[in-house]
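Take a look at the structure set out below.
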There are 2 protein chains.
Amino acid sequence: MHLPTLRQLEFLCAVADHGSFSKAAEACFVTQPTLSAAIKEIEGHLGVQLIEREARGASLTQAGEAAVERARTILSDTADLVSAARQAGAPLTGPFRLGAIPTIAPFLLPRTLKALRKAHPNLKLYLREDQTERLLDGLKNRTLDAALIALPWEANGIETMDLGDDEFLLVAPTGHDLISQHAIRSTDLVDEDVLLLEDGHCLRDHALSVCRLPSKRGGADVTATSLPTLVHMVAGGLGVSLLPKLAIDAGVASGADVELKPFETPMIGRRIGIAWRTGSPRASEAQMIGEIVRRAL
Amino acid sequence: MHLPTLRQLEFLCAVADHGSFSKAAEACFVTQPTLSAAIKEIEGHLGVQLIEREARGASLTQAGEAAVERARTILSDTADLVSAARQAGAPLTGPFRLGAIPTIAPFLLPRTLKALRKAHPNLKLYLREDQTERLLDGLKNRTLDAALIALPWEANGIETMDLGDDEFLLVAPTGHDLISQHAIRSTDLVDEDVLLLEDGHCLRDHALSVCRLPSKRGGADVTATSLPTLVHMVAGGLGVSLLPKLAIDAGVASGADVELKPFETPMIGRRIGIAWRTGSPRASEAQMIGEIVRRAL
DNA sequence: CAATTGGATAGACTAAGCCTATGCATCTTC
DNA sequence: GAAGATGCATAGGCTTAGTCTATCCAATTG
């Protein structure tokens with residue numbers, strides 16, 4: 001079977017992107033006739049018209065749409081092959097773009113980075129703090145190599161590695177009833193004012209779900225933008241809340257006028273994990289970084 | 001980024017396959033120096049040694065293994081692109097290799113094939129009857145384009161389309177107690193001698209599961225190799241069994257000295273579906289064929 | 001030690017890919 | 001509606017990358 005050239009596939013995608021032979025040619029750093037000939041050749045080999053030549057540019061036929069979609073994954077897979085191989089030659093070196101959600105990053109990374117630097121001095125780590133959704137977008141569009149998020153999180157084309165549990169503790173104003181209570185369960189919070197992070201933080205959703213709270217409750221919802229803020233609000237008597245042990249260990253509650261208390265078994269909490277794009281050339285590095293983070297947990 | 005040529009990737013895979021430059025070259029219809037140069041060039045671009053030159057041939061380095069794996073999917077995706085595009089030019093024509101499990105094929109296909117031929121006279125249908133596992137293997141290694149199987153069946157890299165339900169009816173010797181009983185439930189069979197197909201047929205597993213029977217029961221297991229045989233065994237008084245309505249409608253029980261009876265609601269049965277390899281160039285055709293089969297059901 | 005196997009190297013040839021220049025439609029503008 | 005602008009196709013020449021044949025070298029085998 002006669003295969004098209006990757007170059008030709010690039011040309012095809014470029015035409016799809018720019019809607020014009022000339023623009024596409026420019027983007028590919030070739031002249032328009034070159035590109036025209038290449039497209040014509042693909043069409044010849046495939047026996048199908050892929051591109052509709054119109055007066056005002058070019059558009060894809062149905063077959064073209066399908067072909068472009070396949071071509072894009074082929075090209076990106078090939079790019080992955082290249083960087084994976086390059087990486088294999090010099091593992092854990094060069095730039096690595098790691099994302100982390102805001103309820104993990106400030107508490108976990110300080111400890112981790114030191115260990116990471118020690119283990120892999122040639123690794124240049126670029127950090128990005130953002131909410132889960134956007135981190136996963138980053139993985140998919142290749143602006144991130146890996147991301148620390150809370151599991152489980154199913155997403156197509158994303159693989160994850162489990163790094164351990166992160167228990168939730170009750171945080172309440174000093175002297176609050178719940179603290180003196182013998183044993184508290186997550187469901188005891190139904191009648192409390194539970195303070196939460198603002199919408200979009202996965203910790204908010206976790207807290208809601210472990211307490212079996214409806215996502216929309218009556219009354220004015222009081223939300224915080226970060227965990228330190230949340231602690232202050234609890235200290236101020238606005239209500240109680242949950243804090244991940246990770247944040248507590250990092251000292252987020254120290255000095256504030258609050259008390260902490262673990263829940264009765266079964267433990268409630270979240271799982272921390274590292275995620276990467278399926279087939280990412282740096283998947284193995286993501287796992288090695290994950291291993292180091294796990295030890296730091 | 002400098003991409004390798006698909007040709008070069010083919011060469012690389014060939015070396016991996018044949019464990020020797022010369023053999024690989026022969027397989028690719030080029031001379032050995034050509035292939036040597038090509039491999040050397042890839043290695044140069046990637047900056048990694050992919051192949052270990054040994055006295056007695058060639059073997060892959062670790063990086064090479066990874067690269068070959070990626071290269072294989074790239075190449076097969078490209079081949080898919082080509083055939084998908086070709087197909088788009090002449091949809092539903094040419095050879096199409098359809099598989100079906102033995103408890104579907106003889107009963108569903110006779111009706112279907114006529115409709116199929118009428119709708120797509122240029123389609124040359126090649127049929128293969130086999131058990132689910134092997135059909136799915138066939139899809140994966142590209143010796144089949146689609147397969148009619150019982151759902152649900154999750155397998156990586158396989159997509160399916162639901163074609164409708166196929167109810168199971170009780171089949172018992174004429175005058176059997178269960179037939180005169182007012183309403184029978186699948187669990188009523190626990191104390192009966194339930195005859196089954198031999199191991200490997202998914203219908204056997206379905207029957208076991210809907211009746212909540214353990215897969216290994218005491219006593220000599222009596223198994224049949226096909227549904228007609230099964231009917232004869234039931235007629236012979238060896239026990240009762242389940243028959244899919246599909247087979248009954250096709251006359252598998254007609255003439256035999258048996259009686260049939262539907263189960264009480266909820267209906268028990270299986271779902272028929274058509275499966276194809278994810279990304280198969282003929283996925284859309286598989287769905288169109290599925291549509292015709294569904295109407296025949 | 002000669003023969004065999006298997007990969008590397010050298011140099012020549014060809015065709016594929018790219019370029020410039022130009023042609024031919026269609027759409028825009030005054 | 002004529003002139004210009006836009007956009008793809010065609011023609012012909014150039015360069016280079018991929019291929020070949022011929023030969024060499026190293027390791028294994030008998």
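Since the structure is predicted, the reported quantities are computational estimates derived from the model, not experimental observations. In what follows, chains are A, B, ... by sequence order, proteins preceding strands, each numbered from 1.
Smallest separation of non-hydrogen atoms from Ile274(A) and Ala286(A): CD1-O, 3.5 Å. In terms of heavy-atom proximity, Asp145(B) sits nearest to Ser280(B) at O-OG, 4.5 Å. In terms of heavy-atom proximity, Leu12(A) sits nearest to Ala67(A) at CD2-CB, 4.2 Å. Minimum heavy-atom separation, Pro281(A) to Arg70(B): CA-NH2, 3.7 Å.
Between Arg7(B) and Glu10(B) there is a salt bridge, with a side-chain nitrogen of the basic residue lying less than 4.0 Å from a carboxylate oxygen of the acidic one.
Proximity of a side-chain donor or acceptor of Arg53(A) to a complementary backbone N or O of Ile51(A) within less than 3.5 Å is detected.
Using a 4.0 Å cut-off, no side-chain N or O of Arg7(B) falls inside it from OP1 or OP2 of dA17(D). In terms of phosphate contacts, Ser22(A) brings no side-chain nitrogen or oxygen within less than 4.0 Å of OP1 or OP2 of dT6(D). A close approach under 4.0 Å does not occur between any side-chain nitrogen or oxygen of Thr34(B) and OP1 or OP2 of dG18(D).
Across the protein-nucleic acid pair, Ile39(B) atom CD1 and dT19(D) atom P stand 12 Å apart, rounded to whole Å. The interatomic distance linking Glu52(B) (CD) with dA26(D) (P) rounds to 19 Å, in whole Å. Distance CG (Leu35(B)) to P (dG18(D)): 13 Å, rounded to an integer number of Å. Taking atom CD of Gln49(A) as the reference point, atom C1' of dC8(D) lies 13 Å away to the nearest angstrom. Atom-to-atom, NE2 of His45(B) to C1' of dA17(D) comes out at 11 Å; the value is rounded to the nearest Å. Rounded to whole Å, the distance from CD on Glu26(B) to P on dC20(D) is 13 Å.
In this structure, Ile289(A) and Leu123(A) have side chains that are in contact, with non-hydrogen atoms separated by less than 4.5 Å.
The residue Glu41(B) sits close only to the backbone: its heavy atoms come under 4.0 Å of sugar-phosphate atoms, none of a base. The residue Ala58(B) sits close only to the backbone: its heavy atoms come under 4.0 Å of sugar-phosphate atoms, none of a base. Residue Ser20(B) is in sugar-phosphate contact alone, with no base atom involved, counting any heavy-atom pair closer than 4.0 Å across all strands shown.
Comparing Gln32(A) and Phe11(A), the nucleotide of DNA chain C nearest to each residue sits closer to the 5' end for Phe11(A). Where Ala37(B) and Lys23(B) each meet DNA chain C at their nearest nucleotide, the meeting point lying more 5' is that of Lys23(B). With the nearest nucleotide of DNA chain D identified for both Pro33(B) and Ala38(B), Ala38(B) has the one nearer the 5' end.
On the nucleic acid side, DNA chain C has its first and last nucleotide under 4.0 Å of a heavy atom of chain B at dT5(C) to dT9(C), going 5' to 3'.
For Thr5(B), the side-chain atoms get nearest to dG18(D) when compared with the rest of dC8(D), dC20(D), dG18(D).
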